[in-house]
A.B. asks: 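One structure is given below, represented as structure tokens, and several questions about it will come after.
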Amino acid sequence: MAHTPFTELLQQDLASLETNLRDLLAPHLSKKDHLSLLNLACGRGDETGVLAKLLSEKSKSSHLQGLDIRAAEIDQANCRWKDELQKTKEQNTSVDFITHRGDRLLDLTEIGTPDIAFLRHQNYWNDKPVWTQIFDQALERLNDDGLLVITSYFDKEHELATEALTNLGAIQVGSIINPNSRTLSDAPGKSVDKHLAIFKKTSA
Ligand SMILES: C[S@@+](CC[C@H](N)C(=O)[O-])C[C@H]1O[C@@H](n2cnc3c(N)ncnc32)[C@H](O)[C@@H]1O
């Protein structure tokens, strides 16, 4: 990727995301030989390197799957990350990205039962019924000790998504308001990874 002032901003966003996710996961994610993560509505999956690094700190090997409805972004993600992870220290992480609807997650046998479901900049406000389905099917897919993590651009959207997840039976076990969130000018109140929250599938 060419180095521009914009890529520098993206790198700063990712550095904050890494710190916040590490803090959020630490009390809840136990070390395992193998960990799997499903990155839902991942777009280009810019955060893949961060996720791979966090998984490698907690496991000997890991698998990261990304899914989005948009084929062009999924193609970009496959092209970039299959190569890039091989060149970094995260060589024990395999990745693949699939074009598919998150609200039809239960149709996909190749997803298995991930340890973590991740949704960066969830978009609940945009289509509540669809995102309720995405949340519901992500919870259903997770293994019984599974964790679901969301980040949000907007205060109200985060509040509504948290309420929707709680109504679906998820239990919120942590949250962070990102002190380094970068304000975006394309919509009032929009800010990169402004809120993060972590949920357990069950109280067990
Ligand atoms: C706000 S963007 C976030 C993208 C990425 N996670 C990020 O942080 O840059 C929301 C994403 O949801 C995806 N999306 C919308 N509806 C979807 C659906 N039904 N299933 C899967 N992805 C969907 C869009 O294509 C878009 O990439």
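Atom set for the values below is all heavy atoms of this structure, side chains included, hydrogens, waters and symmetry mates excluded.
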A.B. asks: Which pair of heavy atoms, one from L85 and one from A52, lies closest together, and at what distance?
C.D. replies: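 Looks like CD2-CB, 3.8 Å.
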A.B. asks: Report yes if the side chains of L54 and V50 come closer than 4.5 Å at any heavy-atom pair, otherwise no.
C.D. replies: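 The answer is yes, as the side chains (C-beta and beyond) meet within the 4.5 Å cut-off.
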A.B. asks: Given L17 and L196, is the side-chain contact (heavy atoms from CB on, under 4.5 Å) satisfied, shown in steps?
C.D. replies: CA-CA 9 Å; L17 180 67; L196 300 92; 4.0 Å; yes
A.B. asks: So, does S181 use its side chain to make a donor-acceptor pair with the main chain of N178 at under 3.5 Å?
C.D. replies: no
A.B. asks: Count the heavy atoms belonging to other residues, nucleotides or ligands that lie under 6.0 Å from CD of E140, then report whether that count exceeds 12.
C.D. replies: no
A.B. asks: Would you kindly confirm whether V173 and I176 end up in one hydrophobic cluster when ILVMFWY residues are joined by side chain heavy atoms under 4.5 Å apart?
C.D. replies: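 The answer is yes; both residues are in one hydrophobic cluster.
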A.B. asks: I'd like to know if the side chain of N78 reaches the main chain of F97, judged simply by a donor and an acceptor atom lying under 3.5 Å from each other, with no hydrogens or angles considered.
C.D. replies: yes
A.B. asks: First locate atom CG of L147, then atom NE2 of H28, and finally report the distance between them rounded to the nearest 0.5 Å.
C.D. replies: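 Answer rounded to 0.5 Å: 7.5 Å.
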A.B. asks: If the condition is side-chain hydrogen bond (donor to acceptor under 3.5 Å, both in side chains), which residues does E47 pass it with, not counting sequence neighbours?
C.D. replies: N39, R120
A.B. asks: Is there a path of hydrophobic side-chain contacts, each under 4.5 Å between heavy atoms of I/L/V/M/F/W/Y residues, joining L184 to L9?
C.D. replies: no
A.B. asks: Test side-chain contact (heavy atoms from CB on, under 4.5 Å) on L35 and S56; report intermediate values, then the result.
C.D. replies: CA-CA 9 Å; L35 282 171; S56 74; over 6 Å; no
A.B. asks: When you measure from the side chain of S191 to the backbone of K194, do you find a donor-acceptor pair of N or O atoms at a distance under 3.5 Å?
C.D. replies: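 Such a contact is absent between S191 side chain and K194 backbone.
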A.B. asks: Other than L139, what residues sit in its cluster of Ile, Leu, Val, Met, Phe, Trp and Tyr side chains whose heavy atoms are under 4.5 Å apart, directly or through others?
C.D. replies: L38, L40, L67, I98, L105, L108, I111, L119, Y124, W125, V130, W131, I134, F135, L142, L148, I150, L160, L165, L168, F199
A.B. asks: Working to the nearest 0.5 Å, report the span between CG of D115 and NE2 of H34.
C.D. replies: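 The distance works out to 7.5 Å.
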A.B. asks: Hey, could you give me the CG/CG distance between L21 and L55, rounded to the nearest 0.5 Å?
C.D. replies: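 So the gap between those two atoms works out to 10.0 Å.
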A.B. asks: Cut-off 3.5 Å, side chains only: do H63 and D96 have a donor facing an acceptor?
C.D. replies: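 A donor-acceptor contact under 3.5 Å links the two side chains.
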A.B. asks: Within a radius of less than 6.0 Å around CG of L106, do more than 12 heavy atoms belonging to other residues, nucleotides or ligands occur?
C.D. replies: yes
A.B. asks: Show the nearest heavy-atom pair for residues Q172 and A197, with the distance to one decimal.
C.D. replies: NE2-CB, 3.8 Å
A.B. asks: So if you build clusters from Ile, Leu, Val, Met, Phe, Trp, Tyr with side-chain heavy-atom gaps below 4.5 Å, do I116 and L14 land together?
C.D. replies: yes
A.B. asks: When rounded to the nearest 0.5 angstrom, what distance separates CG in L64 from OG1 in T93?
C.D. replies: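 One finds 7.0 Å between CG of L64 and OG1 of T93.
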A.B. asks: Sort and list the pairs that fulfil ring pair (Phe, Tyr, Trp, His ring centres under 6.0 Å) and have at least one residue in residues 139-177, not counting sequence neighbours.
C.D. replies: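 Passing the test, one end in residues 139-177: H121-Y153, H158-H195.
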A.B. asks: When you measure from the side chain of K200 to the backbone of D145, do you find a donor-acceptor pair of N or O atoms at a distance under 3.5 Å?
C.D. replies: no
A.B. asks: With the side chain counted from C-beta on, respond yes when H100 and I69 share a heavy-atom pair under 4.5 Å apart, and no when they do not.
C.D. replies: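 Contact flag for H100/I69 side chains = no.
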A.B. asks: State plainly whether the residues R22 and E18 are in salt-bridge range, i.e. N to O under 4.0 Å.
C.D. replies: yes
A.B. asks: Run the side-chain contact (heavy atoms from CB on, under 4.5 Å) test on E157 and Q122 for me, step by step, so that the C-alpha distance in whole Å, both residues' side-chain angles and the decisive distance to 0.1 Å come before the verdict.
C.D. replies: CA-CA 8 Å; E157 189 168 53; Q122 57 76 25; 3.6 Å; yes
A.B. asks: Can you name the nearest heavy-atom pair linking G43 to A77, along with the distance?
C.D. replies: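 Smallest heavy-atom distance, with atoms named: O-CB, 4.4 Å.
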A.B. asks: If I compare all heavy atoms of P114 with all of S36, which pair ends up nearest, and what's the gap?
C.D. replies: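 Taking P114 first and S36 second, the nearest heavy atoms are CA-OG, 3.2 Å.
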A.B. asks: Tell me whether N20 contacts the main-chain N or O of S16 through its side chain, where contact means a donor paired with an acceptor under 3.5 Å.
C.D. replies: yes
A.B. asks: Atom OG in S59, atom CG in L29: separation rounded to 0.5 Å?
C.D. replies: 8.5 Å
A.B. asks: Check whether any side-chain heavy atom of V95 lies under 4.5 Å from a side-chain heavy atom of Q65, and answer yes or no.
C.D. replies: no
A.B. asks: Do L37 and I74 belong to the same hydrophobic cluster, where Ile, Leu, Val, Met, Phe, Trp and Tyr are linked whenever their side-chain heavy atoms lie under 4.5 Å apart, directly or via other members?
C.D. replies: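 L37 and I74: one cluster.
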A.B. asks: Any donor-acceptor pair under 3.5 Å linking the side-chain atoms of Q133 with those of Q137?
C.D. replies: yes
A.B. asks: Does D193 form a side chain to side chain donor-acceptor pair (under 3.5 Å) with T151? I'd like the steps, not just the answer.
C.D. replies: CA-CA 5 Å; D193 297 314; T151 87; 2.8 Å; yes
A.B. asks: Rounded to the nearest 0.5 Å, how far apart are OG1 of T48 and CG of D46?
C.D. replies: 7.5 Å
